[in-house]
Number of protein chains: 4
Amino acid sequence: MFPSPADPRAQSGKAPKSGGPVAAERIADLAAASRILAAQGVVDGFGHVSMRHPSAPERYLMARSIAPALVTPDDIVEYDLDSNPCSASGRGSFLERFIHGEIYKARADVMSVVHSHSPSVIPFGLVRVPMQAMFHNAAFIAAGVPVFDIRDKFGATDMLVGNEEKGVALAEVMGDKDIVLMRAHGSVACGATLQSAVFRAVYTEVNARIQHWTLALAGGASIAALDREEGRLADIVNQAAGMRAWELWRSQVRRQVAW
Amino acid sequence: MFPSPADPRAQSGKAPKSGGPVAAERIADLAAASRILAAQGVVDGFGHVSMRHPSAPERYLMARSIAPALVTPDDIVEYDLDSNPCSASGRGSFLERFIHGEIYKARADVMSVVHSHSPSVIPFGLVRVPMQAMFHNAAFIAAGVPVFDIRDKFGATDMLVGNEEKGVALAEVMGDKDIVLMRAHGSVACGATLQSAVFRAVYTEVNARIQHWTLALAGGASIAALDREEGRLADIVNQAAGMRAWELWRSQVRRQVAW
Amino acid sequence: MFPSPADPRAQSGKAPKSGGPVAAERIADLAAASRILAAQGVVDGFGHVSMRHPSAPERYLMARSIAPALVTPDDIVEYDLDSNPCSASGRGSFLERFIHGEIYKARADVMSVVHSHSPSVIPFGLVRVPMQAMFHNAAFIAAGVPVFDIRDKFGATDMLVGNEEKGVALAEVMGDKDIVLMRAHGSVACGATLQSAVFRAVYTEVNARIQHWTLALAGGASIAALDREEGRLADIVNQAAGMRAWELWRSQVRRQVAW
Amino acid sequence: MFPSPADPRAQSGKAPKSGGPVAAERIADLAAASRILAAQGVVDGFGHVSMRHPSAPERYLMARSIAPALVTPDDIVEYDLDSNPCSASGRGSFLERFIHGEIYKARADVMSVVHSHSPSVIPFGLVRVPMQAMFHNAAFIAAGVPVFDIRDKFGATDMLVGNEEKGVALAEVMGDKDIVLMRAHGSVACGATLQSAVFRAVYTEVNARIQHWTLALAGGASIAALDREEGRLADIVNQAAGMRAWELWRSQVRRQVAW
């Protein structure tokens, strides 16, 4: 039963089956990831982070529709890749959950997705200046940053990726990258682990701030950003070393909650 | 009786009648709105938020003259649309309450008004660069942002909208928009609900920050901001989805106070 | 007796007489002013605020050499206008107390002085772009902002106003204004009350931030800043209305300390 | 025994001898320095500060691999100047400890080293605009700021100074300065005391922010920064006066921990 008024299909009784139980610790980490992104200024009252079901690749987990800083483990809902909740139990779903579902469909290597509207990043979706990797922590950006303009395929809209078709279009523009900007809206960062996706979302925001300052300094001259090979090599290190940042952030959440 | 020395008319004994009782929860929400705007950096020691009386459209409610972060439900005063307090009980009134009264007079659809001096927004009232909607959360800006210059009608002043005449002039410049900038002063954001006005004031500030960065990036090239139709469509969603942000902000105030 | 090693003259036994007792509440307000300036980001580990002795115009009061955020009423020391401590009791003095003493000598109307290195303000002392009043809260700036370059009279120095001669030179450049910038160093803001000097120091910092953004927006076009007459009129209002901000800031200090 | 998997040489049994015991208070200060740098925004989840062993100049002390804000005195490990731990006891080492070891080798006068990725500073390593001293607190910068590009000697890398050879190259570029920027990575600040190195790292970040604003204001005109002699003179004062900032920062750490 899916009594959520925001999700009419969920009320039709065709709820998909669950992919099976998930360890409480992993659910807690996903809830903590929401609070981490809020504490780091990547999300505010809006934005969401998901992870693929650890043992059922055709399912993913994400909070019900709630501000990221308020998420608890009880708010985590399971979805199939069409973004139908397996058991919402009256909990509303994010309008833009299709971002997550369609990326998981298109990209078997992606295990976690963050969608945010971090203010420093938005400008790079509004002008024709490509985001570049300003330092090693944002190395994954050196592979290139595509920009999705919802207007190209859908004309004037409410700007939201609010159905499967729009999610498919977004995933197509992202292609094999782990980041995509959304014109006049926000961005998406992906990773092979929850921790890596969160790390990338945080350092995309930091990188954007650094690039604003650097472009102003450069005054049109070129910037000695990470090149593609430096980016590839540094990103490998980040996958492991990034856990040091995660442990800091996770400990900060633990000081506030019991999970 | 209106013993407030800041409001001589209130001492004349011609106090307007109250529009009737208002639910304690709504008064608490209005007081919370002040603290929310302070916590979000939209107001500092100055600025104010009001709402129209829920059952008496010829009355509005606003805090006595006090810093927004300190407002409690007991500080809320009722005014008529000429901005005379119904019962100040010794509580001083904001010098600029006429901003609120005259907008409520001119615009039957407006139920709440926020006046602030948020630093990122002020520059757009000082130069001839129009504010544009940088992302969907600030969609209401896509309808256009007029600028009120008090000098046009009143010459050199103390810059304050401190009487009815100046309030009328401000409301005229605002016209049918839900925002107006005030040269060398601040801005006003309006909404059909208290929550919507607060949401718009917060995202006007965020939008201004994003636009500063975007214009610097653009270097004179055009910006792919929300167009008017995108703004209209996204603003409809914001009216509902904005409650998610309100619930976050309201919960943060509840952690500090008992109301 | 003045055993402070930082103040050799104080050890000579020629300590000036005190101007008499000062109400504990006023001393507490001065100590609170230090903490307010730290909380508002105007000072960090450095910077100082003083007030003229309420009943002895030839004396002033200022904290011993200590970080502003740590000042307590017991740290307040009395000085004569040559900046000799009346009774330091082993407490060290700020090297730059001559800023305060020499301004009090030169300007009978000044009752309080703030010296700070607030980061947004420093740029205006390094280039030939005059600071202008961007909004009514910074109205006092509309009278003009002189820049003191210590190099003009003293050649290469450690940049500090560390003796009477340098203090005199700074006060001369300030003239009849209530603000002076110091090249590659910081600034000074003055007022007819402690509260007014603090208010002006805070809004000088805010104004500087707004002007950076505004100049970037303007791209060389003119800025509709407060003109001199608007500045004069708005500053009169600020003297009274500024107390609303003071009451907020003072209450925030009271939440941390018992005085 | 050095069971740390991150440090294979440590497992070979060739652990260098300790330089002898260090006073608990000094170890606590080093741990506090990490937290100070985090609180001041100089480091985030990454970055590290070390000090030379007080009585054994061929040894230095630094935290195990952990986020700076989490460091406690128990996390401090002793290293020889080849950056081998004397007794890691299962504690992992920072990949980039060679920055510290090789600077201590090359520069007998350096007693403390801070490595950070502070966002405001990174732009100056990406473009050909030299960092200048914007105010007296950053006086040491007036001596000049070299930029190390790891690509010059090592081609495409993971950007990390992860072995002795790279540490040597970095120390060579730094030369007799107390600061070096690292292209697309971060920076290093040194001092004759732990307190001085921390002070310089903090004010390098503040100075970078001020310079961004100043360059934007200047619009190509020259900036009246500290000249070399002013920088030399002001830096002497900073060595002593900087303790006032340290005492503030140290007291803030003491409010959180028992050491």
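Judged by distance alone, the side chains of Tyr60(B) and Ser83(B) do bring a donor and an acceptor atom under 3.5 Å apart. Side chains of Ser120(B) and Ser118(B): a donor-acceptor N/O pair is absent below 3.5 angstrom, by distance only. When only modelled atom types and interatomic distance are considered, Thr204(B) and Asn207(B) share no side-chain donor-acceptor pair under 3.5 Å.
Look at Arg200(C) and Glu205(C) and you find no salt bridge, because none of the NZ, NE, NH1 or NH2 atoms lies under 4.0 Å from a carboxylate O.
Of the residues considered (Val202(C), Leu226(C), Asn238(C)), Leu226(C) shows the highest number of contacts with chain B, using heavy-atom pairs under 4.5 Å. Counting heavy-atom pairs under 4.5 Å between each of Gly45(B), Pro119(B), Ala156(B), Pro68(B) and chain C puts Pro119(B) at the top. When each of Gly242(C), Ala225(C), Ala216(C) is scored by its heavy-atom pairs under 4.5 Å with chain B, the top score falls to Ala225(C). For chain B, the option among Leu215(C), Leu248(C), Val206(C), Ile236(C) with the highest count of heavy-atom pairs below 4.5 Å is Leu248(C). By number of non-hydrogen pairs under 4.5 angstrom with chain B, the leading residue of Ile223(C), Ile210(C), Leu217(C) is Leu217(C). Ranked by heavy-atom pairs under 4.5 Å with chain C, the list Arg128(B), Arg151(B), Arg209(B) is led by Arg151(B).
At least one donor-acceptor pair under 3.5 Å links the side chain of Glu96(B) to the backbone N or O of Val161(B).
Heavy-atom distances place the side chain of His212(B), and not its backbone, under 4.5 Å from chain C. For Asp44(B), the parts lying under 4.5 angstrom from a heavy atom of chain C are both the backbone and the side chain. Only the side chain of Phe94(B) comes within less than 4.5 Å of a heavy atom of chain C; its backbone N, CA, C and O stay farther away.
Within the 4.5 Å cutoff, side-chain heavy atoms of Leu194(B) are placed close to those of Val49(B). Two residues are said to be in side-chain contact when any heavy atoms from C-beta on lie closer than 4.5 Å; Ile179(C) and Val188(C) fail this criterion. Looking only at side-chain heavy atoms (C-beta outward), Gln40(C) and Trp249(C) come within less than 4.5 Å of each other.
The interface of residues 130-140 of chain C with chain B, defined by heavy-atom distances below 4.5 Å, comprises Met134(C), Phe135(C), His136(C), Asn137(C). Heavy-atom proximity under 4.5 angstrom to chain C picks out nothing from residues 28-39 of chain B.
By the 6.0 Å and 45° rule, Lys166(B) does not stack over the aromatic ring of Phe98(B).
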